[in-house]
Amino acid sequence: MMITSAVIFDLDGVLTDTAEFHFIAWQAIANKLDITFDREDNEKLKGVDRENSLKYILAKGNLVVSTTEFELLLKEKNDQYLTLIDEVNPSHLFDGVLNCFTVLKKSNVKIGLASASKNASLVITKLGIEHLFDFIGDAASVANSKPAPDIFLSVAHGLKVSPKNCIGVEDAVAGVSAIKSANMFAVGIGDSKVLTQADLVFPSMSEFDFKRVETAFLLSAT
Ligand code: B16
Ligand code: MG
């Protein structure tokens with residue numbers, strides 16, 4: 001019988017909503033460059049790392065900048081993002097997350113974090129849940145960002161479990177692709193019409209039902 005060794009969570013859009021802060025910070029950069037950047041654009045950047053997000057914005061504006069300017073823009077965006085997330089506190093944790101973690105701990109299932117954000121540890125600390133993780137992945141230390149499987153595989157390695165015994169939880173299309181490329185069972189949080197690659201989708205974390213996840217996981221392996 002297959003046993004779930006670990007559940008590996010994405011951060012933004014699964015445990016909390018930092019997308020609005022990314023949006024405000026990227027829009028300020030885009031405005032400065034005279035490039036239109038709306039919420040539709042922001043949706044496309046969910047799960048996409050900082051460098052590739054800036055590349056997307058520059059391509060949208062048909063703009064080419066020097067390496068120095070590129071680095072300065074990344075720093076400016078991140079400085080503003082850090083100012084914005086200063087207000088993050090435990091009340092920003094999505095409903096259902098603490099309950100889900102309690103169920104996993106009772107079931108002896110390890111908990112990992114696989115975020116594309118280099119600020120993930122800071123956000124997790126501000127949310128007051130750092131102590132609940134068995135391993136927190138480091139986005140800065142992996143070669144390829146989502147949809148590549150690297151961050152999910154590095155977290156499985158850090159947790160000392162086999163990827164085939166892991167379940168990944170993601171809200172972004174690129175993130176679900178990363179989980180599937182890592183050969184893990186993918187749980188999507190959001191719209192099943194959007195997260196078509198996911199093995200199972202819940203509209204939000206408050207509907208996450210570990211029994212249903214395990215049953216579907218077992219069935220998928222037979
Ligand atoms: P940073 P996730 C991702 O977090 C966000 O969805 C994405 O919008 C952001 O650009 C990326 O982190 C990088 O964040 O600039 O803080 O390193 O969804 O993978 O938890
Ligand atoms: Mg996400």
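Every number for a ligand or one of its atoms is a count from 1 in the order of the listing.
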Contact check: [X] vs ligand 1, nitrogen or oxygen atoms, below 3.5 angstrom:
| X | answer |
| --- | --- |
| D12 | yes |
| N78 | no |
| D171 | no |
| A116 | yes |
| S115 | yes |
| E170 | no |

Please determine whether any non-hydrogen atom of [X] lies less than 4.0 Å from an atom of ligand 1.
| X | answer |
| --- | --- |
| K146 | yes |
| S53 | yes |
| G13 | no |

Donor-acceptor contact below 3.5 Å, side chain [X] vs main chain [Y]:
| X | Y | answer |
| --- | --- | --- |
| S107 | V109 | no |
| N165 | I3 | yes |
| K126 | D86 | yes |

[Y] and [X] side chains, donor-acceptor separation under 3.5 Å:
| X | Y | value |
| --- | --- | --- |
| D12 | T18 | yes |
| N119 | Y81 | no |
| S206 | D95 | no |
| E207 | S204 | yes |

What atoms of ligand 1 come within less than 4.0 Å of a heavy atom belonging to [X]?
| X | result |
| --- | --- |
| L11 | 20 (O) |
| N119 | 1 (P), 16 (O) |
| D10 | 2 (P), 18 (O), 19 (O), 20 (O) |

Original post:
Passes side chain to side chain contact (heavy atoms under 4.5 Å, CB included), L45 versus H22? Steps please.
Top reply: CA-CA 9 Å; L45 297 187; H22 283 296; over 6 Å; no
ring-ring contact (aromatic ring centres under 6.0 Å, His included) test vs F208 passes for just one of F94, F101, F202, namely F202
Kindly identify the option in [options] whose heavy atom sits closest to [atom].
| atom | options | result |
| --- | --- | --- |
| atom 15 (O) of ligand 1 | E51, R50, K118 | R50 |
| atom 8 (O) of ligand 1 | V14, L45, T18, L15 | L45 |
| atom 10 (O) of ligand 1 | N42, V48, I151 | V48 |

Please round to the nearest 0.5 Å and tell me the distance separating atom [atom1] of [X] and atom [atom2] of [Y].
| X | Y | atom1 | atom2 | value |
| --- | --- | --- | --- | --- |
| E170 | L195 | CD | CG | 9.0 Å |
| I57 | K77 | CD1 | NZ | 8.5 Å |
| T83 | I24 | OG1 | CD1 | 11.5 Å |
| D41 | T36 | CG | OG1 | 8.0 Å |

When distances are taken from atom 6 (O) of ligand 1, the protein heavy atom at minimum range is G47 N, 2.8 Å
If you scan protein heavy atoms around atom 1 (P) of ligand 1, the nearest is S117 OG, 3.5 Å
Does atom NZ (K105) have a neighbourhood of more than 12 heavy atoms from anything else shown, all under 6.0 Å? yes
Result, protein N, O or S atoms below 2.8 Å from the Mg ion (ligand 2), excl. waters, equals 3
